[in-house]
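Have a look at the structure below, then the notes.
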Amino acid sequence: MTDYCNTPSLPSLEQALEQILDDLPKPNGYQRLGLKKALQRIVYQDIHAAIDLPSFRNSAMDGYAFQHHSDQDLALIVIGCSWAGKPYRGEVLAGECIRVFTGAYVPDSCDCVVMQENTRRTNESIRLTHWPKRFENIRSIGSDIQQGQRLLAQGHRLKAADIGLLAACGIADIAVFNPITVGFFSTGDELISIGSQPELGQIYDSNRYTIHALLEEAGIKPLDMGVIADTPEAVEAALLSATKHCDLIITSGGVSVGEADFMSDVLAKIGQIKLWKMAIKPGKPLLFASINNSVFFGLPGNPVSVMVTFQQIVLPALHKMMGLTTDQPALTLPAIAAEDIDKQPGRLEFQRGVARKTGDELSVSLTGGQASHMLSSMSQANCLIILPRENTGVKKGQSVNIQLLDKHL
Ligand code: AMP
Ligand code: MG
């Protein structure tokens, strides 16, 4: 276990993440799924195309196909029609043309297509108002995908376009890594379920809902194990039971150093603590361990800490366990601070912000209070403002790095 007692010696996020990722078990096995079931799953092995795409020459436009060297002064005689799905199989000579529609077969004897808008038709012939270039508007065989080409690499997460690509190549099912089982529970005697009336000192358990949503966003169907009482015995029993069917266990609460924070004691007893605490804010007390064959993440209880540690640490770990190898570090963008931002040196800080496009630049303002219990700050935010460990605050007008939380500003 790496034990860091005082803040200067706490590992950075990068160090912690590297250590955690190195320590994770490999994804186990695969299953074959029909395309409609495979969205968001991770490709088990490289997939190659068995056919060319397009597999026949076809038209990119509704128009007319003909021989490019036909006499430009004469009208082209329309001798037939090639429909999408109903090809024209005859030969087209110089001075002749055929009507073609988008996606329709273009015979080898034609080497260009003029778009309909550039023609004037009179009965059985056309005149062109604009002569196309040779090969214009013809989609050649294999211009999208060539037979034998790698379509998707192992470790790639299937998105809608990939599913379509596989279908276009006639592939009906695909080997994907087995899903991982993730169980989670909350700890805290103050927590009550939605529907009950809180008494003084009680709060609704929001973390379980947040974690459930975060896992679903990650493409995982999680196992909600409820709220576990704040006793070492109850937590130990819940963890041991979870190890029977979970590859990964996530808890919230009880990882700090208060009297009711005994996750580390329990983990030291029944598992192996690999890392505890890192120099980030919020989320410093994150606990990473293993119990039997399960991976364990103990997230702090504060709702914002839950979200930040999940996004920065748990998500990359989940991805690796799921077999995803094309994971990139979260994209950061520069933005101009629209207000002063306070910060103490010592920890990498994630403050919640609202980024806006101002002309060609992004500007960012805080969502208000930044305390780690303020889930509203996370709900209003569309980005996290990343303030490096030794940063001592930012003045209005200075540039900061942000990570977008929403695709749309
Ligand atoms: P802890 O890490 O257990 O000391 O909890 C830190 C703070 O987070 C306390 O104010 C808790 O009441 C709060 N908290 C812990 N668990 C949850 C939860 N599941 N939902 C909402 N707040 C929580
Ligand atoms: Mg607690």
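Counting starts at 1 for both ligands and their atoms, following the listed order. When reading the values below, keep in mind they use all heavy atoms of this one structure, side chains included, and skip hydrogens, waters and symmetry mates.
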**Request:** Answer whether the closest heavy-atom distance between the side chains of Arg99 and Ile126 falls below 4.5 Å.
**Result:** no
**Asked** If you count the non-hydrogen atoms of other residues, nucleotides and ligands that lie under 6.0 Å from CD in Gln149, is the total more than 12?
**Response** yes
**Message:** Evaluate Tyr30 against Phe177 for ring-ring contact (aromatic ring centres under 6.0 Å, His included), listing each step before the verdict.
**Reply:** CA-CA 4 Å; Tyr30 72 94; Phe177 281 105; 8.6 Å; no
**Complete:** If you scan protein heavy atoms around atom 4 (O) of ligand 1, the nearest is Asp261 OD1, 3.7 Å
**Close approach, Gly254 and ligand 1, non-hydrogen under 4.0 angstrom** = yes
**Prompt:** Should one rank Met263, Glu190, His373 by closest heavy-atom distance to atom 9 (C) of ligand 1, which comes out on top?
**Reply:** Glu190
**Request:** Decide whether an N or O pair under 3.5 Å exists between Asn207 and ligand 1.
**Result:** yes
**Request:** Using only heavy-atom distances, determine whether the side chains of Asp162 and His156 contain a donor-acceptor pair under 3.5 Å.
**Result:** yes
**Request:** Establish, from distance only, whether the side-chain atoms of Ser372 and Asn302 form a donor-acceptor pair under 3.5 Å.
**Result:** yes
**Fill in**
Nearest non-hydrogen contact to atom 7 (C) of ligand 1 from the set Ile203, Asp205, Asn302 belongs to Asn302
**Asked** Which of the atoms in ligand 1, numbered in the order shown and given with their element, are less than 4.0 Å from a heavy-atom of Ser186?
**Response** 19 (N)
**Atom CH2 of Trp83 with >12 non-hydrogen neighbours under 6.0 angstrom** = no
**Fill in**
Nearest non-hydrogen protein atom to atom 23 (C) of ligand 1, with distance, is Gly301 O, 3.4 Å
**Asked** Does ligand 1 have a heavy atom under 4.0 Å from the side chain of Ser206, from its backbone, from both, or from neither?
**Response** both
